2 protein chains.
Amino acid sequence: MESRIDRIKKQLHSQSYKLTPQREATVRVLLENEEDHLSAEDVYLLVKEKAPEIGLATVYRTLELLTELKVVDKINFGDGVSRYDLRTEGADHFHHHLVCIECGAVDEIQEDLLGDVEKVVEEGWNFKIKDHRLTFHGICHRCHPKDNNEGEGSEE
Amino acid sequence: MESRIDRIKKQLHSQSYKLTPQREATVRVLLENEEDHLSAEDVYLLVKEKAPEIGLATVYRTLELLTELKVVDKINFGDGVSRYDLRTEGADHFHHHLVCIECGAVDEIQEDLLGDVEKVVEEGWNFKIKDHRLTFHGICHRCHPKDNNEGEGSEE
DNA sequence: TTATTTATTTATAATAAGTTTAAATCGTTA
DNA sequence: TAACGATTTAAACTTATTATAAATAAATAA
């Protein structure tokens, strides 16, 4: 984990930003909760455990900064809250999401399933794709216990 | 257009809701601006032209109702505002969007490009898909004038 | 080292989107 | 007509996020 923090630190420095203690605490929370999809408020509460004096606005600013640097992606699943999701290191595409309408769980799909679709869109619509957001809403494997496990995937 | 309103009226009645004048005015605004991606506030302002006495809360409630009935889809392009998009009649899938990061234009892709991807997800992740959201962010054809018009698409 | 500049943070106020509530209204139906 | 349920209005409220001004910290110049 230290090495990831180091790399983020370098990324900040390369744009002449600093990795202040507050920023570092925020990044650590994100790394320690990589599986989750935390809101700014969630992050704030977790950071407060390490650095009780931090302010909410600082968390917002840090998350904004990390979004700019493409360290995290800001997503919105339709409840009025932005969530911040660490970008998989090295991945050039933003992973996809499965949102369960029963239990609310959010799983991730790391594979890029959009390669072909993006080709079609770029050519057919003459649109230069820079980023994408793909979310499926439905019933997750935990909520419909029909055992249909023919395929397998790297989920949750 | 009248026939579409009639069908929406029937849909409301089938769930024992009424098409009140306020609701009708709201639906008409949506139909008349089918190309756009209006926020609740946008809708409110447009409805006010026809029915100046209407309240913002009513517009919100109507849009919520129409969302439940699957007449419109509520989407969020990442600015903190929900937008309401008429579902194409007869289409069982929600269309995709192209958001230009230069000019802010939002174009639609009516074709369903996700058929294969959904099959992979349902089988590989054991997830029953009910709905999807697919948005591409990039540069639209108006903003990068490279003439690369080999393909064609039904856009805006 | 001290003074000065610059970036950053804190605390708080402000804004913006959306929701809730209570009272008024409207359309039925008994 | 009286009463009921659904709906709307207006206003208050909640929640998420952003802006502002003063305080702090770090970096640099003298």
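Not measured: the values here are computed from a predicted model. The sequence lines fix the lettering, A, B, ..., with proteins before strands; numbering per chain opens at 1.
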So, does [X] get its side chain near the phosphate of [N], meaning an N or O under 4.0 Å from OP1 or OP2?
| X | N | answer |
| --- | --- | --- |
| B:Ser16 | D:dA6 | no |
| A:Thr20 | D:dA25 | no |
| B:Arg23 | D:dT7 | yes |
| A:Gln22 | C:dT10 | yes |
| A:Tyr60 | D:dT18 | no |
| A:Ser39 | D:dA16 | no |

I want to know whether A:His137 and B:His132 have ring centres closer than 6.0 Å.
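Aromatic pair excluded; centres sit 6.0 Å or further apart.
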Take atom CG of B:Asp116 as the centre, draw a 6.0 Å sphere, and report whether it contains more than 12 heavy atoms from other residues, nucleotides or ligands.
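Atom CG in B:Asp116 is not crowded, with 12 or fewer foreign heavy atoms closer than 6.0 Å.
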Separation of [N] [atom2] from [X] [atom1] (nearest whole Å):
| X | N | atom1 | atom2 | result |
| --- | --- | --- | --- | --- |
| A:Tyr84 | D:dA16 | OH | P | 12 Å |
| A:Leu63 | D:dT17 | CG | C1' | 12 Å |
| B:Leu38 | C:dG18 | CG | P | 13 Å |
| A:Tyr44 | D:dT17 | OH | P | 14 Å |
| B:Asp42 | C:dA16 | CG | C1' | 14 Å |
| A:Asp79 | C:dG18 | CG | P | 12 Å |
| B:Leu19 | C:dC26 | CG | P | 17 Å |
| B:Lys18 | C:dT25 | NZ | C1' | 12 Å |

Answer with base, sugar-phosphate or nothing: what part of the nucleic acid does B:Ile54 contact at a heavy-atom distance below 4.0 Å?
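Sugar-phosphate contact only.
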Check every strand shown and say whether A:Glu53 touches a base, only sugar-phosphate, or nothing at a heavy-atom separation below 4.0 Å.
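Since only primed, P, OP1 and OP2 atoms lie under 4.0 Å of A:Glu53, the category is sugar-phosphate.
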Just checking, is any N or O donor in the side chain of [X] or [Y] under 3.5 Å from an acceptor N or O on the other one?
| X | Y | answer |
| --- | --- | --- |
| B:His97 | B:Asp85 | yes |
| A:Thr26 | A:Arg23 | no |
| A:Gln110 | A:Glu108 | yes |
| A:Asp42 | A:Ser39 | yes |

Identify which nucleotide among [options] has an atom closest to any side-chain atom of [X], counting heavy atoms from C-beta outward.
| X | options | result |
| --- | --- | --- |
| B:Tyr17 | D:dT7, D:dA16, C:dT8 | D:dT7 |
| A:Thr58 | D:dA6, C:dT8, C:dT9 | C:dT9 |
| B:Ala57 | C:dT10, C:dG18, D:dA10 | D:dA10 |
| A:Arg61 | C:dG18, C:dT8, C:dT9 | C:dT9 |

Scan every strand shown for a Watson-Crick or G-U wobble partner of D:dA30, both distances under 3.5 Å, and answer none if you come up empty.
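Across any shown strand, D:dA30 pairs with C:dT1.
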